[in-house]
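Note that the structure is predicted; figures quoted are calculated from it, not measured.
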Amino acid sequence: MFNKIVHASDGSKHAFHALTLALAIAKQNKSELHMVCVQEIPYMPEFIEEVREATGSAAGRIRGVFRDARAMAEKYQVALHTHAIAGHPVRDIVRLAADLKADLLVIGATGHSALYERMIGSQADRMVQLAACPVLVVKLPVATAAGPIFNKILHANDGSKYAVEALRLALAIAQQNKSELHMACVEEVPYLPEVVEEDREEPGPVARRIHGVLQRARAMGDECQVEVHTHVIRGNPVRDIVKLAADLDVDLLAIGARGHSALYERMIGSHADRIVQLAQCPVLVAKLSAAEVAGAT
């Protein structure tokens with residue numbers, strides 16, 4: 001399923017949580033695993049000595065990160081290809097993933113508040129937005145004992161082409177791991193409908209659309225011989241999907257994203273963006289290929 005994986009590490013505990021999952025997935029899929037650390041260069045240093053000092057200390061830290069990562073890889077019996085780059089963390093990691101034609105980018109995230117992420121942003125946040133391949137975001141330690149990696153998966157579907165791509169990935173992972181697969185569709189309730197009738201009239205066409213989405217998902221599940229447990233919720237897409245993931249205690253949340261610009265995401269945000277920020281379980285964000293994006297617009 002995943003032939004080539006890139007893991008981006010800044011040496012933090014969150015990055016090592018992500019590496020643990022990347023190693024487990026690489027071992028399961030016999031994937032080629034690459035790990036990249038970026039030595040960030042100050043944009044406008046006042047003195048050249050600043051660059052030299054920063055470069056020297058960063059290089060020493062990166063060597064330590066690679067040493068610890070290789071020790072972990074040996075335990076998993078996975079070959080680890082390491083890359084140290086001097087440049088911009090987001091731009092150069094996304095470029096490396098594209099150059100390597102990676103199937104998956106695995107990153108760690110700290111999980112700031114939604115307000116922080118939308119107004120200020122984070123490197124993980126922008127990599128999710130800009131990477132062309134699926135991105136797996138990991139925040140907390142992940143148990144990777146012998147056996148299936150993912151026992152229970154939740155897929156959130158809004159009926160878009162992006163959601164269909166996420167469903168395909170979720171089905172493939174569920175089939176591989178014999179996972180219990182759940183799918184949620186949220187019938188969004190207007191926050192402040194102008195009149196009560198507006199809220200009463202809306203469910204008709206929305207309910208029919210959700211019914212069609214559920215039918216298609218079950219048909220796709222039948223083709224893969226994976227049972228899809230469906231949930232229809234009236235409420236807030238972000239809040240209720242994150243809550244359902246926690247209530248079900250899932251190992252993975254799979255969603256689709258259309259990939260707006262970084263500026264759009266930070267200033268306005270999207271449902272996918274906020275789900276990644278708020279969910280505690282690993283979140284897999286699926287993307288469309290360039291050809292599919294052209295057809296979807």
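In this structure, K75 NZ and R70 CZ are separated by 16.0 Å, a value rounded to the nearest 0.5 Å. The structure places CD of E223 at 15.0 Å from CZ of R218, a figure rounded to the nearest 0.5 Å. Here I5 contributes atom CD1 and L136 contributes atom CG; the two are 9.0 Å apart, rounded to the nearest 0.5 Å. D249 contributes atom CG, which lies 9.0 Å from atom SG of C281 (distance to the nearest 0.5 angstrom). Taking CD of E32 as the start and CZ of F2 as the end, the distance is 15.0 Å to the nearest 0.5 Å. Atom CG of D273 is separated from atom CD of Q129 by 6.0 Å, given to the nearest 0.5 angstrom.
C37 pairs in a side chain to side chain contact (heavy atoms under 4.5 Å, CB included) with only one of the listed residues (T82, I62, I85, I93), which is I62.
With sequence neighbours excluded, no residue satisfies salt bridge (Lys or Arg N to Asp or Glu O under 4.0 Å) with K27.
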> Given the rule in the side-chain contact (heavy atoms from CB on, under 4.5 Å) test, do H271 and D158 qualify, once you have shown the distances and angles that lead to the verdict?
Replying inline: CA-CA 10 Å; H271 287 159; D158 62 0; over 6 Å; no
> Going through the distances and angles, do L96 and H83 end up as a side-chain contact (heavy atoms from CB on, under 4.5 Å)?
Replying inline: CA-CA 9 Å; L96 178 66; H83 306 259; 4.0 Å; yes
>> Applying side-chain contact (heavy atoms from CB on, under 4.5 Å) to L80 and F66, what does each step give before you reach the verdict?
In response: CA-CA 9 Å; L80 183 65; F66 283 161; over 6 Å; no
> Can you check side-chain contact (heavy atoms from CB on, under 4.5 Å) on N157 and H155, steps first, answer last?
Replying inline: CA-CA 6 Å; N157 196 310; H155 161 59; 3.0 Å; yes
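Taking each heavy atom of S9 and A15 in turn, the nearest pair found is OG-CB, 3.5 Å. Closest non-hydrogen pair, V213 versus M183, comes out as CG1-CE, 3.8 Å. The minimum heavy-atom distance linking A272 with G256 is given by the pair CB-O, 3.7 Å. Between M220 and L167, the shortest heavy-atom distance links the atoms SD-CD2, 3.6 Å.
There is a side-chain donor-acceptor pair under 3.5 Å between H231 and H182. Judged by distance alone, the side chains of Q176 and N29 do bring a donor and an acceptor atom under 3.5 Å apart.
The residues D92 and R95 are annotated as salt-bridged, a charged nitrogen and a carboxylate oxygen being separated by less than 4.0 angstrom.
The 12-atom threshold is exceeded at NE2 of H229, counting heavy atoms of other residues, nucleotides or ligands nearer than 6.0 Å. The number of heavy atoms from other shown groups lying within 6.0 Å of CZ (R216) does not exceed 12.
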Using residues 99-107 as the side-chain source, report each donor-acceptor pair under 3.5 Å to any protein atom, sequence neighbours left out, with the distance given to one decimal.
| from | atom 1 | to | atom 2 | distance (Å) |
| --- | --- | --- | --- | --- |
| D103 | OD2 | N3 | N | 2.5 |
| D103 | OD2 | K4 | N | 2.7 |

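A ring-centre distance under 6.0 Å is not found for H34 and H7.
Under a 3.5 Å cut-off, the side chain of N177 and the backbone N or O of S179 do not form any donor-acceptor pair. Side-chain atoms of Q175 come within 3.5 Å of backbone atoms of C224 as a donor-acceptor pair (strictly under, hydrogens ignored). Looking only at distances, no side-chain donor or acceptor of K287 sits under 3.5 Å from a matching main-chain atom of A257. Judged by distance alone, with hydrogens and angles left aside, the side-chain atoms of K139 form a donor-acceptor pair with the main-chain N or O of A279 at under 3.5 Å.
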